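This one's a predicted model, so the numbers in the text were calculated from it and none came from an experiment. Sequence positions, counted from 1, serve as the residue numbers for this chain.
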Amino acid sequence: NDSVDCPKLVDSSIQQIVTRSRKTKMLPLQTIRSYRRPIKGDQRSPRNTRSFPLIRRNTVAQTFSSLSGGAVKRRDQLVILGTGWAGYRALLDVNIDDYDVTVVSPRNHFLFTPLLTSTTVGTLEFRGVTEPVRTARKRLKYLQASCTKIDPDNQMIYAESIYDQKDEEDKPSFKPAFEIPYDKLVLSVGANAVTFGIPGVEKYCFFLKQLSDARAIRNRILECFERASQPTISESEKSRLLHFVVVGGGPTSVEFAAELHDFLRQDVHKWYPDLETKVQVTLLEAGKKLLSSFDAKLSDYTLMLYKKRKIDVRTEAKVQEVHRHQIVLQDGTSIPFGLAVWSTGVGPTNLVKSLPFAKDRAGRIIVDDHLRVKEPHYPNIMAVGDCATLETEPLPPTAQAAEQEGKYAAKYLNGVKKGSAVEPFRYHNRGMLAYIGGKRALVDTPVAKNGGFFSWILWNAAYITKLVSFKNKIMIPMYWFKSFVFGRDISRF
């Protein structure tokens, strides 16, 4: 309003703020006087009609810091690339008051990968194994984009949005690109599924690393059953459609075959009784045994159990090429399929390949014992997760290792800000778990190596406790209960 007492009221308020601030020399009120906006037709002197300036949050902080005689606290710009196990754990544990955190990732959620295979057949729903990134921390800035280049000398990240933009109707669309400066950088971009250059893999096989992969596999499984139910389909075509091939003998492949077996035994015989006898599952492993990272007895136990369930397990079966409807092995064997899932390990992403950092034979970035890029040495860049490995101790590309690395990255960043020394990173192998179907699981830890029903109980309990949010800790048991009582959802959408 036009009250002439407003300037006096403002002066009085500022006087009180300054008096209550830390002991410092009083600033002249003229330097911090606020002015009201000019009113149209107001004929007052120019001194009293200056417009109120646009003050941003940092400007306000600087103003009151100056009033109290203190320096402005500038937070370092911390950029985290990726929302996997390592990146998400670093995000949860880093001191948000010390850093302005920006997360850049094409995936706007954290994925609980140990339970991903359960979503492929409807045992669990997709929302139960994800955590939104934006709700992880307050004052977090998230950008759904892909990093295309890193300039470590100028501390700059180049990224492009995952969304297409079209400025004019007659011009082609493009992905907007932008730059992000950083003071500290955490590389947690994960790894891609490796195909070994085998022709046809990327075109005709399904991978199982992302939620979108699980959704595609789930739809394809149901599509195969619905197609095979059509009256115009021949018997040979039905057999091909209902032949599910899994390539790889690691935990992901074994767990997917187990989930598929449960689906066939518990649901298919009820909803597709005429197709049950035509279903076949084949597991191909290029090595000599399944689950080579597990104890030999547990590996043999799994092989025996799968053969008892009539799952066709073929070891030392190397794929030569993949066609639209068949896989050809190096010995000339042709295997027709309706669905082929490829899970044979991981390799570096295109971004990691392009970076000028020293890498090991697998293409992973070599880091020092504080998880910082080793050569050339950039103390403000950390690499964690599947994209990195220690020079002295190769780290396994597992969720367990990635989470430990992410937790250490946050601890290191917090320690640097406090000026305290941080001990070198040490990986602690807490063991491995794997579900093998039929309410049985494997437990391979330093203190116990078992397989069976009680291991399945431990498998359930371990993963429930590792879930991040309380919501998912409630939802996952509810999904298990729903699947047990009412069966799996076979809707295709």
For the pair Y408 and F425, name the ring-plane relationship: parallel under 30°, tilted 30 to 60°, perpendicular over 60°. perpendicular

Any non-hydrogen side-chain atom of D386 less than 4.5 Å from a side-chain atom of L395? no

Applying side chain to side chain contact (heavy atoms under 4.5 Å, CB included) to K466 and not counting sequence neighbours gives F112, E403

Taking the six-membered ring of Y99 as reference, does the cationic atom of K417 (NZ for Lys, CZ for Arg) lie under 6.0 Å from its centre and within 45° of its axis? yes

Please indicate whether R265 has more than 12 foreign heavy atoms, meaning atoms of other residues, nucleotides or ligands, lying under 6.0 Å from its CZ. yes

Is it the case that over 12 heavy atoms from other parts of the model lie below 6.0 angstrom from the NZ atom of K203? no

Taking atom types as modelled and ignoring hydrogens, do the side chains of D267 and Y272 form a donor-acceptor contact shorter than 3.5 angstrom? no

Check whether F126 forms a cation-pi arrangement with R215 (NZ or CZ under 6.0 Å from the six-membered ring centre, at most 45° off the ring normal). yes

Within the 3.5 Å criterion, strictly below it, is a donor on E259 or T117 matched to an acceptor on the partner's side chain? no

Using side chain to side chain contact (heavy atoms under 4.5 Å, CB included) as the criterion, list what pairs up with E375, not counting sequence neighbours. A358

Would you kindly say whether R372 and Y412 are connected by a side-chain donor-acceptor distance under 3.5 Å? yes

Hey, which of F256, F206, F263 is the one that makes side-chain contact (heavy atoms from CB on, under 4.5 Å) with T120? F256

Using side chain to side chain contact (heavy atoms under 4.5 Å, CB included) as the criterion, list what pairs up with T148, not counting sequence neighbours. Y158, E160

Return a table of donor-acceptor pairs under 3.5 angstrom between the side chains of residues 79-86 and protein atoms on other chains or two or more places apart.
from : atom 1 : to   : atom 2 : distance (Å)
T83  : OG1    : S105 : OG     : 3.3
T83  : OG1    : R107 : O      : 3.1
T83  : OG1    : H109 : O      : 3.2
W85  : NE1    : T113 : OG1    : 2.9

Side chain to side chain, V121 and R488, heavy atoms closer than 4.5 Å: yes

Side chains of D100 and Q77: is there a donor and an acceptor less than 3.5 Å apart? yes

Does some side-chain heavy atom of T302 sit less than 4.5 Å from a side-chain heavy atom of V254? yes

Please output the side-chain donor-acceptor pairs of residues 473-485 that fall under 3.5 Å, not counting sequence neighbours, one pair per line with the distance.
from : atom 1 : to   : atom 2 : distance (Å)
S483 : OG     : T123 : O      : 2.8
S483 : OG     : Y479 : O      : 3.1

D93-Y88 side chain donor-acceptor pair, cut-off 3.5 Å: no

Can you list the residues that meet the side chain to side chain contact (heavy atoms under 4.5 Å, CB included) rule with T349, with sequence neighbours excluded? V189, N192, L351, V352

First locate atom CG of D183, then atom CG of L413, and finally report the distance between them rounded to the nearest 0.5 Å. 11.5 Å

